[in-house]
Amino acid sequence: MITALLLFWPALAALLVLLIKGEGAKKVAFIATLVEFAIALFATVNFVPDATTQFAIDMPWVERAGIGFSIGMDGISLLMVLLTTFLVPLIVLSSFKHDYKNPHVFYALVLFMQTGLIGVFVAMDAFLFYFFWEVALIPIYFIAAIWGGARRIPVTFKFFVYTIFGSLFMLAAFVYLYFQTAGTELAAHSSNVSAFYQLTMDSATQSWIFWFLFLAFAIKMPVFPFHTWQPDTYTESPTQATMLLAGIMLKMGIYGVIRWLLPVVPLGVSQWADTVLVLSIIGIIYGSIIAIRQHDLKRLIAYSSIAHVGLIAAGIFTLNEQGLQGGMIQMLSHGINVVGLFFIIDIIFRRTNTREIANLGGITQTTPALSIVFLILLMGSVALPLTNGFIGEFLLLSGVFQYNYYFGAVAGMTIILGAVYMLRMFQGVMFGTKSEATEGFADLTFHEKAVLIPLVIMVFWIGLFPNTFLSISEPAVGQLLSIINR
């Protein structure tokens with residue numbers, strides 16, 4: 001029941017928001033997202049940290065075909081649900097100073113997208129997973145296409161084509177896997193995740209299925225060289241859409257790898273893991289170097305995400321506990337840090353009407369609160385000890401070093417390069433002499449603090465007490481590894 005409530009509450013709230021005109025829409029949407037977060041916290045309190053799927057519902061959907069409405073949460077799913085329900089209220093709250101045309105439509109789309117995201121993370125049936133995978137795409141497409149920047153139409157179209165292209169490959173793989181499952185008295189085949197886990201296929205078959213699935217997930221993350229849609233989409237989208245894309249939606253791809261790729265085609269994974277690691281490490285170096293060269297704040301953070309996701313992908317494909325647990329905690333950390341950084345960029349842009357580093361400077365002279373919060377989120381992003389980023393990157397790099405020393409040495413450059421582009425950005429924006437754009441720059445308002453303080457708290461909570469979250473996912477990760485190594 002809890003899982004169903006988590007899944008359908010945002011959709012019901014979206015329908016209500018559609019009926020509300022004017023400023024009331026954002027308030028109702030914010031309250032609805034807080035209720036959703038409260039439901040997720042209730043589920044967490046009642047969750048037993050073991051490897052079982054809890055709060056499960058398994059009902060026939062297309063009974064004769066063996067397709068079910070099967071939802072539930074293990075530790076891996078629960079962490080992603082917590083991340084989604086924690087960030088969406090802050091994303092909605094961060095939009096209160098924006099005057100979006102037709103706000104009731106905007107906030108309804110955000111809530112519909114939350115339903116799609118939650119659906120992806122709780123679906124235990126392949127076709128249900130695919131359904132919510134596409135449901136999550138549609139609202140963000142319209143948000144970016146309607147409220148985005150001047151180049152929003154071609155940029156959003158490119159994003160849509162990329163993701164649909166990958167999704168079709170995933171669907172083809174799911175259909176093939178479905179027909180390989182054993183039948184029952186009620187249905188010829190099954191699309192339940194447990195049925196897929198029990199399949200035994202030869203190495204050649206698993207190899208092509210691996211690439212069909214990986215292509216869909218790699219585009220969504222994105223992993224080099226499937227990343228070309230990302231920087232433009234992040235830049236042209238309204239800030240709240242960028243937060244949804246970077247903070248949560250890219251985690252769909254990583255989650256898909258963990259839930260549907262690694263345990264279903266382990267022979268394919270072992271055959272192509274080195275290739276994926278090489279691509280991921282190229283993405284780390286490439287994303288970092290391009291980020292160093294950026295002058296636009298939003299594009300800089302967009303390229304930094306490519307580097308961070310590259311490290312997460314590399315750690316996951318090591319197929320060891322450190323890499324997988326590092327991937328789980330780093331998904332939380334990256335979501336928190338990147339949402340905070342994009343919101344700070346939005347604050348700077350609203351006060352100065354520019355995102356160019358060269359046009360900024362001297363902001364720290366009159367903004368002690370903004371300076372402290374900005375620095376904390378930045379330090380989390382560059383993995384300073386005692387912050388959330390340190391825990392994730394330490395585990396990820398430990399996993400990669402355990403897999404291959406040389407891969408680990410190259411991947412470890414992410415810490416050095418990350419410090420270069422982040423500290424360069426902070427120096428150019430916050431220090432030096434004031435520019436014409438930053439004269440009279442005001443410090444954080446109460447509303448802005450309300451968005452940023454919870455993020456800062458989580459930076460230190462994860463950094464100081466990581467077992468709060470690692471203990472949730474550890475049993476499920478252990479079971480996943482046993483399925484992969486069977």
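All figures in this text were calculated on a predicted structure; none of them were measured in a lab. Throughout, residue positions are numbered sequentially from 1 according to the sequence presented. Note that these values count all heavy atoms, side chains included, but never hydrogens, waters or copies made by symmetry.
Every residue was checked against the ring-ring contact (aromatic ring centres under 6.0 Å, His included) condition with Tyr197, not counting sequence neighbours, and none meets it. Under the rule for a side chain to side chain contact (heavy atoms under 4.5 Å, CB included), the partners of Pro466 that lie at least two apart in sequence or sit in another chain are Ile391, Leu470. Residues satisfying the salt bridge (Lys or Arg N to Asp or Glu O under 4.0 Å) criterion with Arg299, sequence neighbours excluded, are Asp232. For Gln322, the side chain to side chain contact (heavy atoms under 4.5 Å, CB included) test picks out Asn320, Ser398, Gln402, with sequence neighbours left out. With sequence neighbours excluded, the residues satisfying side chain to side chain contact (heavy atoms under 4.5 Å, CB included) with Ala123 are Leu128, Phe129. Residues meeting the salt bridge (Lys or Arg N to Asp or Glu O under 4.0 Å) test with Lys26, sequence neighbours left out: Glu23. A search for salt bridge (Lys or Arg N to Asp or Glu O under 4.0 Å) contacts involving Asp74 returns Arg259, not counting sequence neighbours.
The list of side chain to side chain donor-acceptor pair (under 3.5 Å) pairs with a residue in residues 385-396, not counting sequence neighbours, reads Asn337-Asn388. The list of side chain to side chain donor-acceptor pair (under 3.5 Å) pairs with a residue in residues 103-113, not counting sequence neighbours, reads Lys21-His104, Ser95-Tyr107. Residue pairs meeting the side chain to side chain donor-acceptor pair (under 3.5 Å) criterion with at least one member in residues 208-220: none, sequence neighbours excluded. Pairs of residues two or more places apart, or lying in two chains, never qualify as salt bridge (charged side-chain N to carboxylate O under 4.0 Å, His left out) while including a residue from residues 207-218.
Ring centroid separation for the pair Tyr176 and Phe212 does not come in under the 6.0 Å cut-off. Ring-centre distance between Phe165 and Phe169: below the 6.0 Å cut-off. Between Phe226 and Tyr162, the gap from one ring centroid to the other reaches at least 6.0 Å.
Thr115 contributes no side-chain N or O that, together with a main-chain N or O of Phe8, makes up a donor-acceptor pair within less than 3.5 Å.
Contact check for Thr181 versus Phe196: side-chain heavy atoms found under the 4.5 Å cut-off. For the pair Glu474 and Glu321, the minimum side-chain heavy-atom distance is below 4.5 Å.
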Do any side-chain atoms of residues 32-49 form donor-acceptor pairs under 3.5 angstrom with protein atoms, and if so which ones, sequence neighbours left out?
residue : atom : partner : partner atom : Å
Thr33   : OG1  : Ala29   : O            : 3.4
Thr33   : OG1  : Phe30   : O            : 2.6
Thr44   : OG1  : Ala40   : O            : 2.8
Asn46   : ND2  : Phe42   : O            : 2.7

